[in-house]
2 protein chains.
Amino acid sequence: MVLATSRNLTPLPAGHPCLGCDVRSVAVCGVLECAMLAQLRLMGCAQKLKPGEPLFHEGDESKQVYTLTKGVLKLYKLLPDGRRQVTGFMFPGDFLGISVDDAHAFTAEALADTQLCKFSRGRFDSFVEEHPEMERELYRVAAHELAAAQQQMVLLGRKTAAERLASFFLALLDRAERASGASERFVKLPMSRSDIADYLGLTKETVSRVLAMLKKRRLIRLEALDVIEILDREGLTDLAEGLMGE
Amino acid sequence: MVLATSRNLTPLPAGHPCLGCDVRSVAVCGVLECAMLAQLRLMGCAQKLKPGEPLFHEGDESKQVYTLTKGVLKLYKLLPDGRRQVTGFMFPGDFLGISVDDAHAFTAEALADTQLCKFSRGRFDSFVEEHPEMERELYRVAAHELAAAQQQMVLLGRKTAAERLASFFLALLDRAERASGASERFVKLPMSRSDIADYLGLTKETVSRVLAMLKKRRLIRLEALDVIEILDREGLTDLAEGLMGE
DNA sequence: CGTTCGATTGAGCTTTCTCAAGCACAGTGG
DNA sequence: CCACTGTGCTTGAGAAAGCTCAATCGAACG
């Protein structure tokens with residue numbers, strides 16, 4: 001639910017801290033010239049996170065922006081009594097840097113071994129200053145995120161548990177296919193059942209039960225605890241859109 | 001849940017279609033020079049809507065952008081079976097124009113007699129082209145919207161019915177106070193109970209019942225069916241943040 | 001081989017929803 | 001001026017989806 005989408009590939013100069021990443025692009029610059037991408041990357045320095053390690057907390061001052069190059073992050077907000085809402089997951093290629101009033105609106109925490117390319121906000125801002133087309137791109141990505149957030153509001157406000165799970169798996173599938181550029185049958189779930197529950201506004205028990213139901217209906221299969229196979233994409237799509245209820 | 005916040009006031013030239021509006025500003029240009037605001041306004045032409053009249057539908061091609069000058073709009077998305085999620089309300093000063101792939105992500109419908117200042121997207125884009133600081137402002141507003149959307153996800157995913165209503169009233173109160181620049185005790189509800197329900201992920205019956213409960217707890221009072229008085233703002237805030245449950 | 005931690009399953013409960021009836025107020029026509 | 005009607009709001013009773021609490025399972029790891 002934050003700046004997203006991986007794009008064009010860009011070569012990195014030898015010796016750069018981001019060398020060895022999964023990704024050779026800067027997501028937010030999908031439309032920018034390769035020269036510009038390389039230049040931006042040069043300004044960054046590498047940062048690594050272990051599973052469970054936070055990158056920053058909700059309310060922290062936002063002094064850096066990041067590109068995720070390897071791993072997965074979950075983004076979440078907490079209520080004072082501990083209720084958690086996961087607002088999104090970040091994958092390689094995603095850009096992390098939108099903030100209001102220079103404060104982070106959510107906590108970002110690694111789900112796996114994670115690697116980021118970090119830019120100081122000042123340097124990033126001056127880079128954007130020098131490349132006005134970057135500004136447009138930032139706006140485009142924010143607009144995209146906003147549309148995704150509205151879609152998630154429909155899910156949280158109006159969909160049943162089964163519809164939420166179906167929508168979630170299809171969204172992960174779409175993303176995997178966009179990343180690989182090929183059609184996929186298997187979807188990796190790098191997050192726990194609790195994380196899925198907190199993203200979909202459910203409990204982990206309900207997630208487990210609905211998962212069992214989707215298996216019994218032959219819509220999906222569990223290849224492993226954290227890998228699902230999509231058996232009936234059309235059926236899953238109908239379910240996700242609420243067409244199975246009647 | 002779409003571009004928002006009213007700001008600086010700008011005089012409009014005599015004879016302009018927007019003359020007679022509630023607002024003398026273009027929200028999205030909060031930081032821009034007055035000269036620029038006036039110039040943008042000159043490019044616009046007026047449009048009026050009656051209650052219940054749609055401005056555009058979800059999926060329609062997005063050929064215009066708008067500034068709301070008078071009235072209220074509700075923005076919503078539908079599931080195929082008719083379930084509705086209201087993603088936001090628009091008030092005078094709000095800007096309506098963020099879209100992805102040139103298609104509207106939601107339906108916009110008037111709740112009252114409404115007046116807008118309309119710009120063709122092409123002219124708006126070339127105006128933005130000529131005023132790069134406008135691009136930054138668009139981005140800033142989109143980022144603000146995104147933060148609000150994430151807040152709404154917490155509400156929809158994790159809050160109880162009472163917490164949702166309390167949060168909603170406080171958000172309306174905040175907005176009213178920002179608009180008037182003064183402290184307020186009364187909040188106008190220009191939308192129906194069903195609209196509130198569809199915004200908060202509830203049913204209209206639950207909204208009514210929770211309203212009755214809030215009255216009994218002396219947190220609010222109904223001045224009229226569509227005007228609430230805030231009797232205990234602190235209590236309402238505690239409730240909205242989930243601090244009353246324990 | 002035992003321990004641990006996440007995932008699953010079960011039973012009962014709570015919140016919210018659904019369906020239905022009653023109420024209040026605005027607009028209309030006699 | 002008042003009954004009539006429609007629409008939206010409120011209230012009630014029963015149902016259901018999903019939650020809570022608790023027990024069990026199972027894979028990973030020491």
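Note on naming: letters A, B, ... go to the chains in the order of the sequence lines (proteins, then strands), and numbering restarts at 1 for each one.
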Using residues 184-191 of chain B as the side-chain source, report each donor-acceptor pair under 3.5 Å to any protein atom, sequence neighbours left out, with the distance given to one decimal.
unit_1, atom_1, unit_2, atom_2, d
B:E184, OE2, B:S180, OG, 2.8
B:R185, NH2, B:E229, OE2, 2.2
B:K188, NZ, B:D226, OD2, 3.0

Pair A:Q47, A:K118: side-chain N/O donor-acceptor within cut-off below 3.5 Å: yes
A:K216 NZ - C:dT9 C1' separation (whole Å): 12 Å
Phosphate OP1/OP2 of D:dG18: any A:T203 side-chain N/O under 4.0 Å: no
B:K204 to B:A197 - nearest heavy-atom pair and separation: N-CB, 3.5 Å
Distance in angstrom units between A:D226 CG and D:dG26 C1', rounded: 14 Å
Spacing between A:I228 atom CD1 and C:dA7 atom P, to the nearest angstrom: 14 Å
Beyond-backbone contact of A:M90 with A:F95, side-chain heavy atoms, under 4.5 angstrom: no
Per-nucleotide protein contact string for nucleotides 9-14 of chain D (B base, S sugar-phosphate only, - none; heavy atom under 4.0 Å): SBBBB-
Whole-Å distance separating the NZ atom of B:K159 from the P atom of D:dC19: 18 Å
Euclidean distance, atom CG of residue B:L189 to atom P of D:dG8 [Å, nearest integer]: 16 Å
A:R83 CZ - C:dT15 P separation (whole Å): 12 Å
Polar contact flag, side-chain donor to acceptor under 3.5 angstrom, A:S167-A:K159: yes
A:R158 CZ to C:dT18 C1', straight-line distance once rounded to whole Å: 13 Å
Spacing of A:E223 atom CD relative to C:dA7 atom P, expressed in whole Å: 17 Å
Short side-chain to backbone donor-acceptor contact, B:Q152 and B:Y199, under 3.5 Å: yes
